[in-house]
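The structure appears right after this line, and notes come after that.
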There are 2 protein chains.
Amino acid sequence: MNLASSEVERRIVRFKRAAREAGVKLTHQRLEIFREVAARADHPSAEAVLTALKPQMPTLSLDTVYRTLWLLHDLGLVSTLGPKRESVRFDANPEPHHHYICVSCGLARDFESTEFNSLNIPKAVNGFGSVDTTHVEVRGICLKCQEKGSKKP
Amino acid sequence: MNLASSEVERRIVRFKRAAREAGVKLTHQRLEIFREVAARADHPSAEAVLTALKPQMPTLSLDTVYRTLWLLHDLGLVSTLGPKRESVRFDANPEPHHHYICVSCGLARDFESTEFNSLNIPKAVNGFGSVDTTHVEVRGICLKCQEKGSKKP
DNA sequence: TTAGGTGCAAATTCTTTGCACCCTG
DNA sequence: CAGGGTGCAAAGAATTTGCACCTAA
């Protein structure tokens, strides 16, 4: 399932502008990698992007795909699904709960909310499949990281 | 920040019962690994669990920690933070949005909800740090996996 | 006793890095 | 033309697996 090409073009325009403003070069590889991620609704991995582009760009390499995707991430043009480059972490809380995650140090804390436990799932979601759990993830900068950040002159 | 020991004991009782019912052995390693995860509010990685237990159990190995944590996961006693053992996936949707994730095949789809975009963050969260983004993740089994599942006789 | 569990080491998988050549600005 | 960017190969990190010995039930 892919996006409307008008939407993809809009995202590409945005990318070109951001690249220019950030002073990074607009290479063929970067454009195609961004186009691929922007056109797909399935949030591909680096490997999946490479596989999709390989036919048209046989010399494209996985490391370039990674470097480009993280660059796009730094430019604020793409985000990652779930927390980033981290190892798996385990949670033994058996109660329904939600998470606060510090985007700087990865700190995780549980919190409860009856409101969050009974959210109204949009009907569009039923078109995707069954709904088992609903979990809210709040991201921000934890107190400790805020201190550290402000100390650096 | 650790949990009240009464809560930890409750979780351990639960674990012992689940282990018995599932017919898996209750080894010293499993008990200590579960106790460690159950007692901590910070959702440790396998590596972190090993580091914490090494002093008391010098021969404990990382692979046992992994095997035990996934066993606990299969028993429904622990969950993972973010999607599990998967590679990073990238998302080029610049609008505020939420995700539907199939727990079986990993399918991801975006959906929008103005309600979810303006959730009432519990005040307890402010004690953790700043709030930048709030994102809802709905997990279930996608239509395709439901078909596949029902086909298998 | 005995099947399942553990520890060790080696294998995999995913991701990053060093370096020489290439291409955008 | 100059400096960032790419491709290749090799390094690293995270996680899993094969196998012989050990131990809970």
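So that the names make sense, note that chain A is the first sequence line, chain B the second, and so on, each numbered from 1.
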What is the distance, rounded to the nearest whole Å, between atom [atom1] of [X] and atom [atom2] of [N]?
X	N	atom1	atom2	value
L72(A)	dG5(D)	CG	C1'	14 Å
L69(A)	dT16(C)	CG	C1'	14 Å
L53(A)	dT6(D)	CG	C1'	15 Å
L31(A)	dG5(D)	CG	C1'	15 Å
L50(A)	dC14(C)	CG	P	13 Å
L81(A)	dC14(C)	CG	P	16 Å
F34(B)	dG5(C)	CZ	P	17 Å
L71(B)	dG4(C)	CG	P	13 Å

Counterpart residues, side-chain hydrogen bond (donor to acceptor under 3.5 Å, both in side chains), relative to [X] (two or more places apart):
X	answer
R10(B)	E7(B)
T64(A)	S61(A)
R67(B)	D63(B)
N126(A)	none

Among all residues two or more places apart in sequence or in another chain, which pass the ring pair (Phe, Tyr, Trp, His ring centres under 6.0 Å) test with Y66(B)?
none
Those residues at least two apart in sequence (or on a different chain) that pass ring pair (Phe, Tyr, Trp, His ring centres under 6.0 Å) with H97(A) are H99(A)
If a protein heavy atom is under 4.0 Å from the base, mark B; if only from the sugar-phosphate, S; if neither, -; do that for nucleotides 6-12 of chain C going 5' to 3'.
SBBB---
Name the orientation class of the two ring planes belonging to F116(A) and H98(A) (parallel below 30°, tilted from 30 to 60°, perpendicular beyond 60°).
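Rings of F116(A) and H98(A): perpendicular, as their planes differ by over 60°.
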Does any pair with a residue in residues 18-37 of chain B pass side chain to side chain donor-acceptor pair (under 3.5 Å), and if so which ones, sequence neighbours excluded?
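Passing the test, one end in residues 18-37 of chain B: E36(B)-R40(B).
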What residues in residues 12-26 of chain B put a non-hydrogen atom under 4.0 Å from any atom of DNA chain D?
K25(B), L26(B)
If you compare every side-chain N and O of W70(B) against the phosphate oxygens of dT16(D) (OP1, OP2), does one of them come in below 4.0 Å?
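Indeed, a polar side-chain atom of W70(B) lies that close.
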Has R11(A) got a side-chain atom pairing as donor or acceptor with A38(A)'s backbone, closer than 3.5 angstrom?
yes
